[in-house]
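Inspection log for the structure reproduced underneath, given as structure tokens.
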Amino acid sequence: MTAALSAHELIARHRSTLDQALEAIRTRAYWSPHPEHPKAYGENGSLDAAAGKAAFDALLGSRLDLGQPGTDDWVGGETSPYGIDLGVTYPHADLDVLLPAMKAGQRAWRDAGAEQRAVVCLEILKRINDRTHEFAHAVMHTSGQAFMMAFQAGGPHAQDRGLEAVAYAYVEQVRTPDNAEWTKPQGKRDPLAMTKQFTPVPRGIGLVIGCNTFPTWNGYPGLFASLATGNAVLVKPHPRAVLPLALTVQVAREVLAETGFDPNLVALAAERPGEGIAKTLALRPEIRIIDYTGSTSFGDWLEANARQAQVYTEKAGVNTVVVHSTSDYKGMLSNLAFSLSLYSGQMCTTPQNLLVPREGISTDQGPKSYDEVVADLAKSVDGLLGDDARANALLGAIVNPDVKARLEAAAGLGEVALASREIANPDFPGAVVRTPVIVKLDGAKPDAEAAYMSECFGPVSFAVAVDSAADAAELLRRTVREKGAMTVGAYTTDPEVEQDVREVCLEEAAQLSLNLTGGVYVNQTAAFSDFHGSGGNPAASAALCDGAFVSNRFRVVEVRREA
């Protein structure tokens, strides 16, 4: 295959970006090469807002032909949470044809080496970044995120996470030199001399099982970690969120072909309605790596049954915030209100349980009782979402009927401190938009435990009354240990309470945010600096992103000979 882009050109184009990413993951300082403001796009080949919207509109009702081998049907059926049918159809694959075709290109991809694979991945990310406006609409109309969130989280933030995975993959692969000269003295005899070659070799085909809520943000780390370490990657999107990952596969195949590699190194596995091919794919012997984001039940099944594969899961947990005391009561309430409202709580990092001492908390505004704290938080959420236009921009749309059903059922679990209300979206009358519900529960009552010890994904939070800070720390420990947590938050001005909560999080491997009162929220993480999940509690078996996330996607094979 003739390359339109040579390795030399790609290295010249992207090596400096790779070096900056390597420095960023070393220092953990802020850095991103992907602008997060929509107005930054429109020059140097990137699509501006109007062109991106036009490109998305042109996709509606179309057939997205990726040129994959083994296509035996065309499938689709996505309906936007905003109430419109996308009408896009995708290739359905005969796996017995597609999987062998994917394996055929791995030898050349393996032999290209870590640097060339990295810069090819960076070229893919650059072209995706140029189409961020188009991708934003695709994410918005499959996930239900409001446009600005879809633009940022589905665009530059997802691209950052992909680049972060490439950087970690590169570091782990070059940790061992390509060649070594080995000489062992033998006293009066001639020394023993060997030459040794070390080659990172891929495990096989990686399977990315996409999620409905964050198809690119959660999909890119596994995709690029596997690709950068020499593996082919099969992308199996969520049936309700195919388009963003199908476009990603399209770009990847174009770049691979232009750089002289087999485009079948990246392929799409779309499914017929109700087909449920994830289990079938997960057990195929060709699949050696699985990246999954979604429900705990299926994540547990993958970990137990896909024995031939290295499995990386991000499942679910019960995220908790300990509210003990604060020196900025207004800032605390504002920060929590935003965290509970963003994307209608449909994030794996959104707080669910707020543990508040039943005798109340100390604040810069004086003592506040449990009832006052909960009532003031409800007022803060109401104030944040009081204007419907602002509410639509923060909440987005309810992604599927299951979330709506959980939201409606939550009101019957306890005393409602903040009732959910329906909001109309004038631009999309078919959108289901709901504000969060806050339910008061007594942590000492067994019937309440069934509610707060179960994940209730969506805009549902429980204000759990506890006896003391020590009881809060112990309940936090039990929750993380038994149910897992992607995030933990705490508000306290007491060094001993802070140390207790910190110790729980260290022992149970949960990421902790302390005393957030400004523009950083517990449910947001920054690539190159923050770890998303830890891989150390039941919520996830992997962290985005660390060395462990990439290092077992390849093995180093040695060839040695006498010098």
Side-chain angles (χ1 to χ4, degrees), residues 316-326 329 332-333 336-337 339-340 345 350-363 367-378 380-381 406-407 409-419 436-494 496-505 507-508 510 512-515 522 537-539:
V318 176
N319 301 317
T320 300
V321 177
V322 175
V323 182
H324 170 262
S325 53
T326 179
Y329 187 59
M332 180 189 79
L333 295 174
L336 283 173
S339 297
L340 299 182
T350 300
Q352 175 180 303
N353 293 344
L354 310 175
L355 309 186
V356 185
R358 65 181 74 252
E359 71 271 18
I361 70 172
S362 61
T363 80
K368 298 288 181 179
S369 69
Y370 164 83
D371 288 333
E372 286 177 314
V373 172
V374 180
D376 288 344
L377 177 59
S380 189
V381 174
R406 281 192 294 270
L407 171 63
L413 297 175
E415 180 186 343
V416 175
L418 175 66
V437 62
I438 300 176
V439 178
K440 297 166 73 172
L441 296 174
D442 188 333
K445 293 185 177 179
D447 59 337
E449 182 173 322
Y452 66 72
M453 285 296 284
S454 300
E455 189 204 17
C456 194
F457 183 77
V460 177
S461 293
F462 301 116
V464 183
V466 295
D467 289 337
S468 64
D471 287 335
E474 196 50 45
L475 179 53
L476 169 64
R477 181 189 300 279
R478 185 160 69 91
T479 304
V480 177
R481 182 175 294 175
E482 295 180 12
K483 302 298 181 179
M486 294 298 294
T487 57
V488 173
Y491 290 90
T492 182
T493 57
D494 186 321
E496 291 187 9
V497 173
E498 177 180 321
Q499 181 58 34
D500 288 346
V501 172
R502 180 177 181 273
E503 192 61 30
V504 168
C505 290
E507 291 180 358
E508 304 302 330
L512 172 63
S513 298
L514 285 166
N515 297 318
V522 67
N537 70 64

Nearest heavy-atom neighbours spanning [X] and [Y]:
X    : Y    : result
V460 : L407 : CG2-CA, 3.9 Å
A378 : A417 : CB-O, 3.7 Å
V416 : A411 : CG2-O, 3.5 Å
N515 : Y491 : OD1-CA, 3.2 Å
P351 : V321 : CB-CG2, 3.7 Å
L476 : C505 : CD2-SG, 4.4 Å

When you compare the side chain of [Y] with that of [X], does any pair of heavy atoms fall below 4.5 Å?
X    : Y    : result
L377 : V373 : no
V501 : T492 : no
D371 : K440 : yes
E455 : Q352 : yes
M332 : I361 : yes

- Message: Quick check on R358: does its CZ atom have over 12 non-hydrogen neighbours (other residues, nucleotides or ligands) under 6.0 Å away?
- Response: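 Yes, because the 6.0 Å sphere around CZ of R358 holds more than 12 heavy atoms from other groups.
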
- Determine the sole option in V497, V488, L512 for which the side-chain contact (heavy atoms from CB on, under 4.5 Å) test with R502 is passed. L512

Between [X] and [Y], is there a donor-acceptor pair closer than 3.5 Å when you use the side chain of the first and the backbone of the second?
X    : Y    : result
N537 : A485 : yes
T479 : L475 : yes
D471 : V466 : no
Y452 : L355 : no

When rounded to the nearest 0.5 angstrom, what distance separates [atom1] in [X] from [atom2] in [Y]?
X    : Y    : atom1 : atom2 : result
L413 : C456 : CG    : SG    : 7.0 Å
L441 : N353 : CG    : CG    : 8.0 Å
R478 : E508 : CZ    : CD    : 12.0 Å
R477 : T320 : CZ    : OG1   : 13.0 Å
S454 : R406 : OG    : CZ    : 11.5 Å
E503 : E498 : CD    : CD    : 12.5 Å

